[in-house]
Enquirer: 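Starting off with a structure, shown below.
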Amino acid sequence: MIDEKGMMIKRPISPIVFGKKAEKQKADEAKLASPKPKDSKKSTKSLLNSKLFRNTRYFIIKSNNYENVDIAKNRSVWSTPPVNERKLNKAYYDCDNVLLVFSVRESGKFQGFARLDSESRHDLGPVPWVLPPGLSARHLGGVFKLRWIHSGELSFGKVAHLKNPWNEHKPVKIGRDCQEVEPMVGEELCRLFFKEGTDNTTSYTMSSSGGATAAVETMGAVREVPVAWLTVISSISIIIITNRQP
């Protein structure tokens, strides 16, 4: 624009244009600040190099059946008799992490490991544990919340070299329910899940009907099946081969 004296006049910035520029600047800043999708291999490496294994205590959890481990994975909870409940509560307050390594009796495998995410609670709803005859929910303590780290299986044959100094140097697979494992041995045991364990490809959800289902990857396809089916499959030792390399 030129005024009456022939001088150039700067055109004022429209508040609408200014507003658009400010919005674009904010959008660009948000785009730069937003985290990039994490690569699964990098995420695993980051997890294993994180504080997960620092100031950590490890316990072997023995289950009488696959059903209760399925419930634990589906609901991210666990219950144990009061004597074990007190031990885990104390560990929860004494250290940064408490890792529970699960094993179904006579299965010849570990069924994954989870981080204790709370002390035992008595304000949660009942959990439909499958208990042996003569044992009822009254014999159990409160409910612990869990955060599953790896839900795949690890064969006892892969950990035969691991001995637990805190259980008379017996193989780490041997021990009563809630047997504590020496920290260095416990850490190596947990790391072996990522090196030698079955693929961690089972994602537990609840179906629209309220029943427990699992999204299982087989032959490159993902199918939802009832958790009970997985129990039957596991109990008769049928192996579903996934895309895992031998």
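Not measured: the values here are computed from a predicted model. Residues: numbered from 1 along the sequence shown.
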Enquirer: Any chance you could lay out the side chain to side chain contact (heavy atoms under 4.5 Å, CB included) test for H161 and E188, step after step, and finish with the verdict?
Expert: CA-CA 11 Å; H161 61 290; E188 186 173 352; 3.2 Å; yes

Enquirer: Hey, what do you get for CZ (R57) to SG (C95), rounding to the nearest 0.5 Å?
Expert: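 If I round to the nearest 0.5 Å, the distance is 6.0 Å.
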
Enquirer: Which atom pair, heavy atoms only, marks the closest approach of N64 to P132?
Expert: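 Taking N64 first and P132 second, the nearest heavy atoms are ND2-CG, 4.0 Å.
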
Enquirer: Would you call the rings of F102 and W78 parallel, tilted or perpendicular if under 30° counts as parallel and over 60° as perpendicular?
Expert: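 Perpendicular.
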
Enquirer: Between L99 and L116, is there a side-chain heavy-atom distance shorter than 4.5 Å?
Expert: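 L116 does not reach L99 side chain to side chain.
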
Enquirer: Checking side chain to side chain contact (heavy atoms under 4.5 Å, CB included) for the pair I60/V181: CA distance, chi angles, key distance, verdict?
Expert: CA-CA 7 Å; I60 302 296; V181 180; 3.6 Å; yes

Enquirer: Under 6.0 Å from the CZ atom of R147, do we count more than 12 heavy atoms belonging to anything else shown?
Expert: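 Incorrect, the count does not exceed 12.
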
Enquirer: For residues K158 and L192, report the shortest heavy-atom separation together with the two atoms involved.
Expert: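 Looking at all heavy atoms of both residues, the shortest contact is O-CD1, 3.9 Å.
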
Enquirer: Is it the case that one hydrophobic cluster holds both V185 and Y58, taking links as side-chain heavy atoms less than 4.5 Å apart, direct or via other members?
Expert: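 Same hydrophobic cluster.
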
Enquirer: For the residue pair V77 and R121, establish whether any side-chain heavy-atom pair is separated by less than 4.5 Å.
Expert: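 Not in contact.
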
Enquirer: Indicate yes or no: at least one non-hydrogen side-chain atom of H139 is less than 4.5 angstrom from one of S136.
Expert: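 Touching, per the 4.5 Å side-chain cut-off.
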
Enquirer: Output the distance between atom CG (L140) and atom CG (L135), rounded to the nearest 0.5 Å.
Expert: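 Between L140 CG and L135 CG, I get 6.0 Å after rounding to 0.5 Å.
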
Enquirer: Is it true that the side chains of E85 and T80 contain a donor and an acceptor less than 3.5 Å apart?
Expert: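 Distance-only check fails for E85 and T80.
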
Enquirer: Does one side chain, of Y93 or E119, offer a donor that lies under 3.5 Å from an acceptor on the other?
Expert: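 Judged by distance alone, the side chains do pair up.
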
Enquirer: Is there a side-chain contact between P165 and K170 in this structure, where contact means two heavy atoms from C-beta onward sitting under 4.5 Å apart?
Expert: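 With C-beta onward as the side chain, the pair stays apart.
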
Enquirer: Give me the atom names and distance for the closest heavy-atom approach of S118 to V143.
Expert: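 Taking every non-hydrogen atom into account, OG-O, 4.5 Å.
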
Enquirer: Using 0.5 Å steps for rounding, measure from the NZ atom of K173 to the OG atom of S155.
Expert: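 That separation rounds to 9.0 Å.
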
Enquirer: Quick one: does P171's side chain get under 4.5 Å of L162's, heavy atoms only?
Expert: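 No, their side chains stay 4.5 Å or more apart.
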
Enquirer: Measuring from atom NZ of K163 to atom CD1 of I174, what distance do you get when rounded to the nearest 0.5 angstrom?
Expert: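 These two atoms lie 9.0 Å from each other.
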
Enquirer: Between P183 and W166, what is the shortest heavy-atom contact and its length?
Expert: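 Taking P183 first and W166 second, the nearest heavy atoms are CD-CH2, 3.4 Å.
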
Enquirer: Counting N and O atoms only, with roles assigned by atom type, does the side chain of N65 sit under 3.5 Å from a partner on the main chain of V130, one being a donor and the other an acceptor?
Expert: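 Yes, N65 side chain to V130 backbone: donor-acceptor pair under 3.5 Å.
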
Enquirer: Can you give me the closest heavy-atom contact between W148 and A72, atom names plus distance?
Expert: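 Heavy atoms of W148 and A72 come nearest at NE1-O, 3.0 Å.
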
Enquirer: Hey, does N84 have a side-chain heavy atom less than 4.5 Å from the side chain of I61?
Expert: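 In short, these two side chains do not touch, never coming nearer than 4.5 Å.
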
Enquirer: State the CG-CG distance between D94 and N89, to the nearest 0.5 angstrom.
Expert: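 So the gap between those two atoms works out to 10.5 Å.
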
Enquirer: I need the single residue from H150, E153, K73 that forms a side chain to side chain donor-acceptor pair (under 3.5 Å) with Q111. Which is it?
Expert: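 So the option named by the test is E153.
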
Enquirer: Are the side chains of F53 and R191 in touch, meaning some heavy atoms are under 4.5 Å apart?
Expert: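 Sidechains of R191 and F53: in contact.
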
Enquirer: Output, in order, the C-alpha distance, side-chain angles, deciding distance and verdict of side chain to side chain contact (heavy atoms under 4.5 Å, CB included) for K51 and T56.
Expert: CA-CA 9 Å; K51 297 180 180 179; T56 300; over 6 Å; no

Enquirer: Atom NZ of residue position K90 - does it have more than 12 heavy atoms of other residues, nucleotides or ligands inside 6.0 Å?
Expert: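 Check fails, neighbour count at 12 or below.
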
Enquirer: For residues W129 and I71, determine if any side-chain heavy atom of one lies less than 4.5 Å from a side-chain heavy atom of the other.
Expert: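 Sidechains of I71 and W129: in contact.
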
Enquirer: Looking only at atom types and distance, does a side-chain atom of S79 sit under 3.5 Å from a main-chain N or O of G142, one as donor and one as acceptor?
Expert: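 Yes, because the side chain of S79 sits within donor-acceptor range (under 3.5 Å) of the backbone of G142.
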
Enquirer: Taking atom CG of N68 and atom OG of S63, what is their separation to the nearest 0.5 Å?
Expert: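 The OG atom of S63 is 4.5 Å from CG of N68, to the nearest 0.5 Å.
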
Enquirer: Using the ring of each side chain (for Trp, its six-membered ring), is F194 parallel, tilted or perpendicular to F113, with breaks at 30° and 60°?
Expert: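 Plane angle over 60°, so perpendicular.
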
Enquirer: Any luck finding a side-chain donor-acceptor pair between N97 and N55 under 3.5 Å?
Expert: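 Checked: N97/N55 side chains show no N/O donor-acceptor pair below 3.5 Å.
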
Enquirer: Would you confirm whether N164, through its side chain, and E182, through its main-chain N or O, come within 3.5 Å as a donor-acceptor pair?
Expert: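 Indeed, once roles are kept as given, a pair shorter than 3.5 Å links the two residues.
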
Enquirer: Work out which heavy atom in S107 is nearest to a heavy atom in Y66; give both atom names and the distance.
Expert: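 Nearest pair, atom of S107 first, then Y66: CB-OH, 3.3 Å.
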
Enquirer: Below 6.0 angstrom between ring centroids: does that apply to F110 and F156?
Expert: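 Yes - the distance between ring centres of F110 and F156 falls below the 6.0 Å cut-off.
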
Enquirer: Do D117 side-chain atoms and F144 backbone N/O form a donor-acceptor pair below 3.5 Å?
Expert: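 No, D117 side chain to F144 backbone: no donor-acceptor pair under 3.5 Å.
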
Enquirer: List the steps and the verdict of side chain to side chain contact (heavy atoms under 4.5 Å, CB included) for L100 and L88.
Expert: CA-CA 10 Å; L100 309 182; L88 294 180; 3.9 Å; yes

